[in-house]
Amino acid sequence: MAEKSYKYIILGGGVAAGYAAREFVQQGLQAGELAIISKEPAAPYERPALSKAYLFPESPARLPGFHTCVGSGGERQTPQWYSEKGIDLVLDTEVVEASVAQKSLKTASGDVYKYGALIIATGATFIKLSDFGTPGADAKGIYHLREVEDATALYEAIKANPNGNAVCVGGGYIGLELAAVLNMNKMKVTMVYPEPFCMPRLFVSEIAAFYEGYYKEKGIEIVKGTVASGFESNEHGEVKVVKLKDGRELPADIVIVGVGARPNIGLFKDQLTVEKGGFKVDGFFKTSAENVYAVGDVATFPLKLYNELRRVEHVDHARKSAIQAVQTIKAAEAGTSVEEYDYLPYFYSRAFSLSWQFYGDNVGDAVVWGAKGADKVNAKFGAYWVKDGKVMGAFLEGGSADENKALATAARNQVPVLGLDRQELLFLPPSSTV
Ligand code: FDA
Ligand code: NAD
């Protein structure tokens, strides 16, 4: 049992960890000051690749190709990068106990790590249907997706079941992105979700109708308004049938479950203030304990723009919150300060040749333009959400880089609108009033 001490420790080796490490290096880091402890076997990578290019039938993405920070155009930080910078990358190592009072972390093998400052970046874990007691939900062939090992197992299952039946349970990000790659792999795909339309936490029915229509044209079956109530397996324990609550039964060789994620807060939940499922932090990502920061999926932070506390499970925030925490730590050391985090929510998804972006808040009335009859090959349509006469959120399918920038500006500046049917709004200079 070894005991080691570091000036800084990042707990978790995902997206936020990779961007935090880069920021430490940019701000000035001595060899031996920083350790990253991760239960994953790989150095931090751009997690979004796992539900997209990692599963492509041709030339799938593989590590080391997508280590952070390539996702935002930065350097590819391979394990060698970390060793060259004097950062200890402690992989395949799960922290099982933590003490904020003693500033220590204990790993599964009993090693103890002491820190001066800690950044918690433990992300989230998928929710399983067995968590709700759904019978048969632990059968072989039922997959979840969070880490590279999950994606590798799924990739192998796809290859082992050419032209087989796949069922995607859940109509959110995982359901939509996975249904697309399974279809690209020539599997017969059925999606099942309880809501009346897909991606209900962001879309309105007109937006969803476009994607559902597109998926149906690709040959994907969509079953709405019901849930998976059980699974039947063969004599080898391999899933063969998905039973639905409405009585239907779907044949399945592979099942993907994407029914949401739960932030990994267990190690500290009785030691730090928790709100909205995450560690409550201030605009500098400081938790309720001194020298302990929380970033990415586990942080519930003040969203200054809307004057409320929020937790965000998307990659842009994971990157930016990590940078903010490191800049705060380094500024305090230098006796200076940084500006409070002032985040504009940004989400995106890609599937087939489709690609959408959303900025801001989906509150108020949604005004959708161009979705009906949108050209499915070069689809371009959008929506904006209007509250108190101002644009609060803006969505665009098929936008160019400049158009997406305009979208962000409209949502950031909350441009006033007089009419609700003006798609041009999103393409006007930011100071314009329509
Ligand atoms: P992240 O999950 O990246 O990292 C957490 C790390 O902590 C992991 O390495 C984990 O193993 C480790 N860990 C946890 N507990 C530990 C312990 N006790 N001991 C040691 N290590 C521990 N977002 C988006 O905006 N666009 C997109 O296209 C996608 N696509 C996408 C695809 C898939 C498949 C997933 C699962 C998620 C996305 N996301 C996304 C969401 C995005 O990836 C997510 O918000 C960020 O990865 C969050 O970054 P974090 O660093 O907070 O957690
Ligand atoms: P999600 O919250 O996006 O979607 C969950 C969906 O599960 C719901 O929309 C609903 O349709 C369905 N559902 C809920 N309970 C169900 C039940 N009992 N039976 C059947 N369906 C049920 O979560 P997700 O798609 O699982 O994504 C997991 C995490 O990964 C999230 O944090 C998400 O933000 C992240 N992710 C993000 C992206 C992206 O930003 N492009 C891509 C992939 C994953």
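Excluded from the calculations below are hydrogen atoms, water molecules and symmetry mates; all remaining heavy atoms, backbone and side chain alike, are included.
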Practice prompt. Check step by step if side-chain hydrogen bond (donor to acceptor under 3.5 Å, both in side chains) holds for Asp88 and Tyr6.
Written response: CA-CA 10 Å; Asp88 284 354; Tyr6 290 88; 2.5 Å; yes
Worksheet entry | Main-chain N/O of Val148 paired to Thr152 side chain as donor or acceptor, under 3.5 Å | yes
Discussion item. When you compare the side chains of Glu177 and Ser349, does any donor N or O come within less than 3.5 Å of an acceptor on the partner?
Written reply: yes
Practice prompt. For a side chain to side chain contact (heavy atoms under 4.5 Å, CB included) with Leu105, tell me which candidate from Leu118, Thr93, Val112 qualifies.
Written response: Leu118
Item to complete: List the steps and the verdict of side chain to side chain contact (heavy atoms under 4.5 Å, CB included) for Leu55 and Leu178.
Response: CA-CA 9 Å; Leu55 301 170; Leu178 268 292; 3.6 Å; yes
Worksheet entry | Output field: ring centroids Phe279/Tyr293 closer than 6.0 Å | no
Worksheet item: Within a strict 4.5 Å, meaning less than it, do heavy atoms of the Arg310 and Asp361 side chains meet?
Response: yes
Worksheet item: For the residue pair Trp356 and Phe210, is the inter-centroid distance of their aromatic rings smaller than 6.0 Å?
Response: no
Response to the item:
Here the gap from Ile10 atom CD1 to Ile119 atom CD1, rounded to the nearest 0.5 Å, amounts to 5.0 Å
Practice prompt. Indicate the ring-plane relationship of His144 and Phe126, choosing parallel, tilted or perpendicular according to the 30° and 60° boundaries.
Written response: parallel
Discussion item. With a 4.0 Å cut-off on N to O distance, would you call Glu195 and Lys224 a salt bridge?
Written reply: no
Worksheet entry | Among Pro44, Ser38, Ser83, side chain to side chain contact (heavy atoms under 4.5 Å, CB included) partner for Leu89 | Pro44
Discussion item. Using the rule ring-ring contact (aromatic ring centres under 6.0 Å, His included), only one of Tyr211, Phe197, Phe358 pairs with Phe203; which is it?
Written reply: Tyr211
Worksheet entry | N/O donor-acceptor pair under 3.5 Å between Ser104 side chain and Val100 backbone | no
Item to complete: Assert yes or no for the condition that the ring centre distance of Tyr82 to His67 is strictly below 6.0 Å.
Response: no
Fill in: Verdict with reasoning, Cys69 to Arg22, per side chain to side chain contact (heavy atoms under 4.5 Å, CB included)
CA-CA 8 Å; Cys69 299; Arg22 181 179 70 172; 3.6 Å; yes
Discussion item. In this structure, is the centre-to-centre distance between the rings of Phe24 and Tyr8 below 6.0 Å?
Written reply: yes
Worksheet item: Do Leu244 and Val192 touch side chain to side chain, with heavy atoms closer than 4.5 Å?
Response: yes
Worksheet item: Is there a donor-acceptor contact under 3.5 Å from the side chain of Ser288 to the main chain of Thr273?
Response: yes
Worksheet item: Passes salt bridge (charged side-chain N to carboxylate O under 4.0 Å, His left out), Arg47 versus Glu40? Steps please.
Response: CA-CA 12 Å; Arg47 198 164 303 288; Glu40 289 195 76; 2.8 Å; yes
Discussion item. Looking at Glu33 and Lys7, is any side-chain nitrogen of the basic one under 4.0 Å from a carboxylate oxygen of the acidic one?
Written reply: yes
Worksheet item: Any donor and acceptor pair, going by atom type alone, linking the side chain of Gln324 with main-chain N or O of Gly283 inside 3.5 Å?
Response: yes
Worksheet item: Taking NZ, NE, NH1 and NH2 as the nitrogens, is one of them in Lys330 or Glu23 under 4.0 Å from a carboxylate oxygen of the other?
Response: no
Practice prompt. Could you tell me the separation between the CD atom of Gln414 and the OG1 atom of Thr409, rounded to the nearest 0.5 Å?
Written response: 13.0 Å
Practice prompt. Take Phe268 and Val298 through the side chain to side chain contact (heavy atoms under 4.5 Å, CB included) test and state the conclusion after the steps.
Written response: CA-CA 11 Å; Phe268 298 93; Val298 292; over 6 Å; no
Worksheet item: Is the backbone N or O of Ala43 less than 3.5 Å from a side-chain atom of Gln77, with the two atoms forming a donor-acceptor pair by type?
Response: no
Worksheet item: Would Tyr115 and Asn291 satisfy side-chain hydrogen bond (donor to acceptor under 3.5 Å, both in side chains), going step by step from the backbone distance to the final call?
Response: CA-CA 9 Å; Tyr115 58 81; Asn291 294 319; over 6 Å; no
Worksheet item: Thinking salt bridges, do Glu313 and Arg311 make one under a 4.0 Å N-O criterion?
Response: yes
Fill in: Ring center gap for Tyr214 and Phe352 short of 6.0 angstrom
yes
Practice prompt. Can you measure from CD (Gln357) to CG (Leu407) and round to the nearest 0.5 angstrom?
Written response: 7.5 Å
Discussion item. As a quick check of understanding, evaluate ring pair (Phe, Tyr, Trp, His ring centres under 6.0 Å) for Tyr173 and His314, giving each step before the final call.
Written reply: CA-CA 11 Å; Tyr173 286 97; His314 292 277; 5.0 Å; yes
Discussion item. Check this for me: does any side-chain nitrogen of one of Arg319 and Glu46 sit under 4.0 Å from a carboxylate oxygen of the other?
Written reply: yes
Worksheet item: Can you check salt bridge (charged side-chain N to carboxylate O under 4.0 Å, His left out) on Lys243 and Glu232, steps first, answer last?
Response: CA-CA 8 Å; Lys243 295 162 93 174; Glu232 274 176 15; 3.4 Å; yes
Discussion item. Could you check, using the six-membered ring where one of them is a Trp, whether Phe395 and Trp369 have ring centers closer than 6.0 angstrom?
Written reply: no
Worksheet item: Would a distance-only check, ignoring hydrogens and angles, find a side-chain to backbone donor-acceptor pair under 3.5 Å from Asn183 to Ala179?
Response: no
Worksheet item: Within the distance-only criterion (no hydrogens, no angle test), does the side chain of Asp131 pair as donor or acceptor with the backbone N or O of Ile127 below 3.5 angstrom?
Response: no
Worksheet entry | Geometric cation-pi criterion Arg201 and Phe347, 6.0 Å radius, 45° cone | no
Item to complete: Evaluate the criterion side chain to side chain contact (heavy atoms under 4.5 Å, CB included) for residue pair Tyr193 and Val259; output intermediate values, then yes/no.
Response: CA-CA 9 Å; Tyr193 41 89; Val259 296; over 6 Å; no
Discussion item. Less than 6.0 angstrom separating the ring centers of Phe66 and Tyr45, yes or no?
Written reply: yes
Worksheet, complete the sentence: Here the pair of heavy atoms bringing Lys114 nearest to Ile9 is O-CD1, 3.7 Å
Worksheet item: Are Phe285 and Tyr341 close enough that their ring centers fall under 6.0 Å?
Response: yes
Fill in: Ring geometry between Tyr346 and Tyr359 (parallel below 30°, tilted from 30 to 60°, perpendicular above 60°)
parallel
Practice prompt. Check for a donor-acceptor pair, side chain of Ser355 on one end and backbone N or O of Arg350 on the other, with a separation under 3.5 Å.
Written response: no
Worksheet entry | Side-chain ion pair, Asp297 and Arg262, N-O less than 4.0 Å | no
Worksheet item: Are the side chain of Tyr215 and the backbone of Leu176 linked by a donor-acceptor contact shorter than 3.5 Å?
Response: yes
Worksheet item: Do Asp111 and Tyr113 come within less than 4.5 Å of each other through their side chains, counting heavy atoms only?
Response: yes
Worksheet item: Within the distance-only criterion (no hydrogens, no angle test), does the side chain of Ser321 pair as donor or acceptor with the backbone N or O of Gly296 below 3.5 angstrom?
Response: yes
